[in-house]
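Atoms considered below: every heavy atom in the structure, side chains included; atoms not considered: hydrogens, waters and symmetry mates.
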Amino acid sequence: MNRREALQRVAMLVGGSVIGANLFLEGCTRPASKDVATLFEKDKMNFLGDLAEAILPKTSTPGAKEAGVGEFIPVMIRDCYDEVDQKAFMEGLAKVDDRSKKEFNKPFQELSKEEQLQFVNKYDKEATEYQKNRKEGEANDFFHMLKQLTLTGFFTSEVGMTKAQRYVKIPGRFDGNYPYKKGDLAFAF
């Protein structure tokens with residue numbers, strides 16, 4: 001399987017196209033803004049990991065943080081997103097704690113798991129509405145990008161491929177009548 005096929009399958013998982021997909025497929029050659037370099041600071045990667053974990057928490061399978069999504073996001077933002085989306089991502093990320101303090105009187109990382117879930121669910125609804133009404137050339141919504149990167153990072157990680165899905169190192173032939181038992185994991189692509 002090549003990167004194009006992998007990205008198409010991830011896009012199917014998240015229900016649409018992946019922002020920055022063309023650049024990802026072309027080798028991620030777009031220059032990054034200087035602000036994006038701050039994403040590689042340890043505290044920022046930890047913060048991104050906590051945000052990603054709120055989107056895809058640990059259950060019976062590992063969560064986004066354990067899959068290293070906090071380290072994956074800066075690379076994708078720097079290498080694969082255009083300047084408009086990089087700027088929108090950085091501005092959105094800078095507003096997370098302010099919004100958390102306004103809604104819960106404490107920074108995001110101090111919220112309980114339930115409060116974090118409420119927080120990201122509200123962000124998700126707003127992002128979905130923004131994306132529906134977004135005009136050509138406008139930046140994508142911060143949370144929409146964060147959620148896509150979280151899912152892409154998780155399901156393309158070793159943890160996501162082997163713990164959250166059934167991984168077959170060398171798959172066999174297609175069998176349309178393969179028996180399915182309720183609760184079986186999906187196969188990793």
Between atom [atom1] of [X] and atom [atom2] of [Y], what is the distance when rounded to the nearest 0.5 Å?
{"X": "I55", "Y": "F154", "atom1": "CD1", "atom2": "CZ", "answer": "12.5 Å"}
{"X": "I73", "Y": "Q148", "atom1": "CD1", "atom2": "CD", "answer": "11.5 Å"}
{"X": "D98", "Y": "K102", "atom1": "CG", "atom2": "NZ", "answer": "9.5 Å"}
{"X": "E66", "Y": "T61", "atom1": "CD", "atom2": "OG1", "answer": "9.0 Å"}
{"X": "L149", "Y": "L48", "atom1": "CG", "atom2": "CG", "answer": "9.5 Å"}
{"X": "N133", "Y": "T128", "atom1": "CG", "atom2": "OG1", "answer": "11.0 Å"}

Q) Please, which pairs that meet salt bridge (charged side-chain N to carboxylate O under 4.0 Å, His left out) have at least one residue in residues 36-54, sequence neighbours excluded? A)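 Listed by first then second residue: D50-K65.
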
Could you tell me whether the side chain of [X] and the main chain of [Y] form a donor-acceptor pair under 3.5 Å?
{"X": "Q116", "Y": "L51", "value": "no"}
{"X": "Q131", "Y": "D141", "value": "yes"}
{"X": "T162", "Y": "E158", "value": "yes"}
{"X": "E138", "Y": "K135", "value": "yes"}

Looking at every heavy atom in both [X] and [Y], which two are closest together, and how far apart are they?
{"X": "A139", "Y": "D85", "answer": "CA-OD1, 3.5 Å"}
{"X": "P107", "Y": "S100", "answer": "C-OG, 3.4 Å"}
{"X": "V96", "Y": "F119", "answer": "O-CZ, 3.6 Å"}
{"X": "F143", "Y": "V120", "answer": "CZ-O, 3.6 Å"}
{"X": "P74", "Y": "G70", "answer": "CD-O, 3.0 Å"}

message = Within a 6.0 Å radius of atom NZ on K58, are there more than 12 heavy atoms belonging to other residues, nucleotides or ligands?
response =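 For K58, atom NZ is not crowded (no more than 12 foreign heavy atoms under 6.0 Å).
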
Same apolar cluster: [X] and [Y], side chain cutoff 4.5 Å:
{"X": "L93", "Y": "F104", "answer": "yes"}
{"X": "M45", "Y": "F72", "answer": "no"}
{"X": "F108", "Y": "M90", "answer": "yes"}

A side-chain contact here means heavy atoms from C-beta on lying under 4.5 Å apart; do [X] and [Y] qualify?
{"X": "N46", "Y": "Q109", "answer": "yes"}
{"X": "F89", "Y": "N140", "answer": "no"}
{"X": "R99", "Y": "K122", "answer": "yes"}
{"X": "H144", "Y": "Y130", "answer": "no"}

Pairs in or reaching into residues 37-56: which pass ring-ring contact (aromatic ring centres under 6.0 Å, His included), with residues at least two apart or in two chains?
->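 For residues 37-56, and leaving out neighbouring residues, there are no ring-ring contact (aromatic ring centres under 6.0 Å, His included) pairs at all.
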
For S112, all residues meeting side-chain contact (heavy atoms from CB on, under 4.5 Å), sequence neighbours excluded =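 Testing S112 for side-chain contact (heavy atoms from CB on, under 4.5 Å), a comparison that skips the adjacent residues, returns E114, E115.
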
